There are 2 protein chains.
Amino acid sequence: MGRTVTKLDRTGLDREAVVAVALDLVVSEGAAALTMRRLATELDVGTPTIYWHVGSRDELVAAIVQLQSERLADRPIVGRDARARVLSAARNMYAGALEQRAITSLAHQTGTSALLLHDLQAALVAELEASGLEGDAVDEALHSILLVVTGALVVTLSDTARLPGDRGVRARSRAELEALATSTLRVVVDHHVPSEERR
Amino acid sequence: MGRTVTKLDRTGLDREAVVAVALDLVVSEGAAALTMRRLATELDVGTPTIYWHVGSRDELVAAIVQLQSERLADRPIVGRDARARVLSAARNMYAGALEQRAITSLAHQTGTSALLLHDLQAALVAELEASGLEGDAVDEALHSILLVVTGALVVTLSDTARLPGDRGVRARSRAELEALATSTLRVVVDHHVPSEERR
DNA sequence: ACCTGAACACCGTTCAAGT
DNA sequence: ACCTGAACACCGTTCAAGT
């Protein structure tokens, strides 16, 4: 029509596409496959092109983790009372992060785990506030819960991908690990969130 | 005397020495400085010599973390009642790991955090059993506490060494982080360990 | 503005060869 | 048994040069 056709004929490559393809690469082949050269091959461009779009590998990793954080953000919260809903929000973080464990390990290796949970925080904060907590109490509960979620993820991931030649620390099943995470979360949630007396 | 002099005249290099020097290197220059070539230079040998003694970089890292685990193992446990003593054992893990944060980050990056806490586990288990817990209850309490300690370490280390260009998640002070860790630990310890009624 | 070839300064690992 | 020089197959990053 009247509008000028924007020139995206050939490459159409932009930062967003680079990050999205990089995320796919990590998901399908693991964190170790995320190499600037490998990603360049995947995108069918020269290696320096990636640097033009994302600056450095660290920035790329941060962008990947951030993108995954956004994708995790719209999980439904269930539960009748405040404690159940807060626990549900916390479990969304744990379960969501585990769904793409390659991204989560990448985040752990690079110290960006907090970034991965960032967009799910809003929902958790909302539930904490809905439960009647205010100000510092929300902050304390939030960080305590984030701490437990992070620990649960690290323990789960490092227990799952275990080295041979292990020292005594028996490998636990996925179900055991999830039960451990949930029960520990429940303890701290119940501690911070006031119970609702019925009627 | 009558004994033959063992030939350790020149190098006297063995696996133990390699690992000890590698640990020192990480402590003094950070996890990123741990390079096979750099370590070889430090030991004044060729790079392949290191492989002869430790096999691979992964094995070397595991040995370093294991050595640090041993060094952490003799921290005194304080407290009058069972809950206080269990909390003390747990805090020993957190505080000990933070004392050599370079080793702890190395452990996190390589997914060997569990190894780092391994030798401090015995003391924690002993206190849990002394508190009256038995069998599965000990196991549940132990793993729940380990999960929280691990989470506290990750949160503390990644909050401390923070990237510039941060997204809203205000940096917290070391004291705030320690208070968060302690209070979260106390919640799960008190949940698992029965209280002692006085007299 | 966007992309490239070629290079720099590194990695972990292996291996034939030395003593 | 212990150690080496030299190489292999990679890395992240930069930069002059192209369009």
Side-chain angles (χ1 to χ4, degrees), chain A residues 4-23 25-26 29-65 102 105-107 109-112 163-165, chain B residues 4-23 25-26 29-65 102 105-107 109-112 163-165:
Chain A
T4 41
V5 178
T6 52
K7 188 165 60 181
L8 48 76
D9 10 310
R10 205 110 22 139
T11 60
L13 189 63
D14 59 358
R15 185 186 153 101
E16 202 180 337
V18 171
V19 174
V21 170
L23 190 148
L25 179 58
V26 172
E29 309 207 22
L34 183 66
T35 283
M36 301 307 261
R37 281 172 173 83
R38 174 68 203 279
L39 178 57
T41 306
E42 219 70 33
L43 289 163
D44 212 30
V45 295
T47 316
T49 300
I50 296 174
Y51 285 86
W52 198 92
H53 286 291
V54 300
S56 72
R57 189 180 190 270
D58 282 352
E59 275 184 56
L60 174 62
V61 169
I64 291 170
V65 172
S105 341
L106 180 66
Q109 284 163 23
T110 55
T112 53
L163 346 157
Chain B
T4 42
V5 179
T6 52
K7 187 166 60 181
L8 47 76
D9 9 309
R10 207 110 22 139
T11 60
L13 189 64
D14 58 357
R15 187 188 151 99
E16 201 180 339
V18 171
V19 174
V21 170
L23 190 147
L25 179 58
V26 173
E29 309 207 20
L34 183 65
T35 283
M36 302 307 260
R37 282 172 174 83
R38 175 67 202 280
L39 178 58
T41 306
E42 218 70 33
L43 290 163
D44 212 29
V45 295
T47 317
T49 300
I50 296 175
Y51 285 85
W52 198 92
H53 286 292
V54 300
S56 72
R57 189 180 190 270
D58 281 354
E59 276 185 55
L60 174 61
V61 168
I64 292 170
V65 172
S105 336
L106 181 67
Q109 286 163 22
T110 55
T112 53
L163 347 156

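Reckoned from all heavy atoms, side chains included, excluding hydrogens, waters and symmetry mates. These numbers were taken from a predicted model, which means no experiment stands behind them. Lettering follows sequence order; numbering is per chain, from 1.
Separation of the P atoms belonging to C/dC2 and D/dA17 is 22 Å when rounded to the nearest angstrom.
With both pairing distances under 3.5 Å, C/dA17 is matched to nothing as a Watson-Crick or G-U wobble pair. The partner of C/dG12, taking Watson-Crick or G-U wobble pairs whose two distances both stay under 3.5 Å, is D/dC8.
Residues B/Arg38 and B/Glu29 share a closest heavy-atom pair of NH2-OE2, 2.8 Å. Here the shortest heavy-atom pairing between B/Arg15 and B/Val54 reads NH1-CA, 4.0 Å.
Set against C/dT13, D/dC3, C/dC2, the side chain of A/Trp52 has C/dC2 as its closest nucleotide. Distances from the side chain of B/Val45 to the nucleotides C/dT4, D/dC3, D/dT4 place D/dT4 closest. In this structure, the nucleotide among C/dG12, C/dC8, D/dT4 sitting nearest to the side chain of B/Pro48 is D/dT4. Of the candidates D/dG12, C/dT13, D/dC3, the closest approach to any side-chain atom of A/Arg37 belongs to D/dG12.
The distance from atom OH of A/Tyr51 to atom P of D/dG12 is 6 Å, rounded to the nearest whole Å. Here the P atom of nucleotide D/dA6 and the CE atom of B/Met36 are 20 Å apart, to the nearest Å. Atoms CG (A/Leu39) and C1' (D/dG12) sit 13 Å apart, rounded to a whole Å. Whole-Å rounding puts the A/Arg15 CZ to C/dC3 P distance at 15 Å. Between B/Glu59 atom CD and C/dG12 atom C1' there is a gap of 14 Å when expressed in whole angstrom units. Per the geometry, CZ belonging to B/Arg57 stands 16 Å off P belonging to C/dC10, to the nearest Å.
For C/dC3, one of the phosphate oxygens OP1 or OP2 lies less than 4.0 angstrom from a side-chain nitrogen or oxygen of A/His53.
The residue among A/Asp58 and B/Gly46 whose nearest nucleotide of DNA chain D lies closer to the 5′ end is B/Gly46. Ranked by how close their nearest DNA chain D nucleotide is to the 5' end, A/Gly55 and A/Arg38 are led by A/Arg38.
Contacts of A/Leu34 with the nucleic acid, taken as non-hydrogen atoms under 4.0 Å apart, involve only primed sugar atoms and P, OP1 or OP2. Residue A/Ser56 is in sugar-phosphate contact alone, with no base atom involved, counting any heavy-atom pair closer than 4.0 Å across all strands shown. A/Thr49 comes within 4.0 angstrom of a base, heavy atoms only.
Each of B/Val19, B/Leu13, B/Leu43 was evaluated against B/His53; a single residue qualifies, B/Leu13, per the side-chain contact (heavy atoms from CB on, under 4.5 Å) test.
Here CG of A/Leu25 is found 8.0 Å from OG1 of A/Thr35. Values are rounded to the nearest 0.5 Å.
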